[in-house]
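Scroll down for the structure; my scribbles are underneath it.
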Amino acid sequence: MGTGIMAGIPIIFEPHDDRFRPHEGRKFDMENFSKGFFDNFDVSGEAGSKKIYTIKKDLLINNYKSFLAEFYDLIEEDFNKETDLTFDTIPSATNLDEFREVFSSDNRRNYVPFFETSYYDFSVLGCECKEYWLFYSGSYKAYIEVYSTLLHFERILSKSMSNPLANAIKFGIFG
């Protein structure tokens, strides 16, 4: 097992801390996100040195099932084969705590979609995802030169889907 391209929806994220990795060019820049991305998040922590962005809970809870159906239809992949679920067996959650529980990586045996909290495992352009919901697992043989390629995927997907979560997506390297 190595690293591969995955896609997720950040639940909690914050800007990269340039103090520790200035050589990586990971400056927080609004240009590194799809149009409308920040509309999906509430902001807190402004009193400190960093803003903390948290997904709007109703947006996530009310749309994640239809999001999965639309996404897997769009990419023409077998939802059951990729996720070990059917559209009728997608776990139900009525709040964020339930969402975390039903999609925990332990409960899902690391089948997508699953919930993860190790920000070192999911590297994306523009931010550090402290909590995120991974819904797509791509190749573990993928190599990229620059993260802007993944940003292009995010932008294409956000324009291709009608689901309200479509522009809350981050593609990144996982593992």
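- Within a 6.0 Å radius of CZ in Phe87, other residues, nucleotides and ligands contribute more than 12 heavy atoms.
- A heavy-atom distance below 4.5 Å is not found between the side chains of Ile169 and Phe71.
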Begin from the C-alpha positions of Cys127 and Phe33 and carry the test side chain to side chain contact (heavy atoms under 4.5 Å, CB included) through to its verdict.
CA-CA 10 Å; Cys127 63; Phe33 299 88; 4.0 Å; yes
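- Applying the side-chain hydrogen bond (donor to acceptor under 3.5 Å, both in side chains) test to Asn80 and every residue at least two apart in sequence or in another chain returns nothing.
- Taking the side-chain contact (heavy atoms from CB on, under 4.5 Å) definition, one finds that Ile156 meets it with Ser160, sequence neighbours left out.
- Of all heavy-atom pairs spanning Pro113 and Leu85, the tightest one is CD-CD1, 3.9 Å.
- Applying the side-chain hydrogen bond (donor to acceptor under 3.5 Å, both in side chains) test to pairs two or more places apart or on separate chains, those with a residue in residues 58-70 are Lys65-Ser92, Ser66-Asn163, Glu70-Ser162.
- Between the CG atom in Leu150 and the CG atom in Asn32 there is a gap of 11.5 Å [rounded to 0.5 Å].
- Here the closest non-hydrogen pair linking Trp133 and Phe115 is CD1-N, 4.2 Å.
- Lys57 is linked by a side-chain contact (heavy atoms from CB on, under 4.5 Å) to Thr54, Leu96, counting only residues two or more places apart in sequence or in another chain.
- Rounded to the nearest 0.5 angstrom, Ser137 OG and Glu77 CD are separated by 11.0 Å.
- The list of salt bridge (charged side-chain N to carboxylate O under 4.0 Å, His left out) pairs with a residue in residues 150-175, not counting sequence neighbours, reads Glu154-Lys170.
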Please table the atom pairs, donor to acceptor, closer than 3.5 Å between any side-chain atom in residues 4-14 and protein atoms at least two apart or in another chain.
{"residue": "Glu14", "atom": "OE2", "partner": "Lys50", "partner atom": "NZ", "Å": "3.2"}

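- Residues forming a side-chain contact (heavy atoms from CB on, under 4.5 Å) with Asp42 (at least two apart in sequence, or on another chain): Lys56.
- You'll find the side chain of Phe103 reaches within 4.5 Å of the side chain of Ile90, heavy atoms only.
- Listed by chain and number, the residues in a side-chain hydrogen bond (donor to acceptor under 3.5 Å, both in side chains) with Thr86 are Thr89 (sequence neighbours excluded).
- Residues Val124 and Cys129 approach most closely at CG2-SG, 4.0 Å, considering heavy atoms.
- Here the side chains of Leu157 and Ser34 are not in contact, with every heavy-atom distance at 4.5 Å or above.
- Residues that satisfy the side-chain contact (heavy atoms from CB on, under 4.5 Å) test with Asp121, not counting sequence neighbours, are Ser118, Tyr132, Phe174.
- The CZ atom of Phe41 sits 14.0 Å away from atom NZ of Lys51, with the distance rounded to the nearest 0.5 Å.
- Using a 4.5 Å cut-off on side-chain heavy atoms (C-beta onward), Ser105 and Leu134 make no contact.
- Hydrophobic cluster membership differs between Tyr111 and Phe135, with clusters built from Ile, Leu, Val, Met, Phe, Trp and Tyr side chains linked at under 4.5 angstrom.
- Using a 4.5 Å heavy-atom threshold, the side chains of Tyr53 and Pro15 count as touching.
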Checking side chain to side chain contact (heavy atoms under 4.5 Å, CB included) for the pair Val112/Phe114: CA distance, chi angles, key distance, verdict?
CA-CA 5 Å; Val112 292; Phe114 67 91; 4.1 Å; yes
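- For the pair Ala93 and Ile61, the tightest heavy-atom approach, listed with the atom from each and the gap, is O-CG2, 3.3 Å.
- Applying the salt bridge (charged side-chain N to carboxylate O under 4.0 Å, His left out) test to residues at least two apart or on different chains, the pairs with a partner in residues 88-116 are Asp84-Arg109, Asp97-Arg100, Arg100-Glu131.
- Nearest heavy atom pair, residue Pro164 against residue Leu59, reads CB-CD1, 3.6 Å.
- Annotation: side-chain hydrogen bond (donor to acceptor under 3.5 Å, both in side chains) contacts of Thr149 (sequence neighbours excluded): none.
- Ile75 places a side-chain heavy atom less than 4.5 Å from the side chain of Tyr136.
- In this structure, CD1 in Ile52 is found 5.0 Å from OG in Ser44, a value given to the nearest 0.5 Å.
- Applying the side-chain hydrogen bond (donor to acceptor under 3.5 Å, both in side chains) rule to Ser104 yields the partners Asn107; only residues at least two apart in sequence or on another chain are considered.
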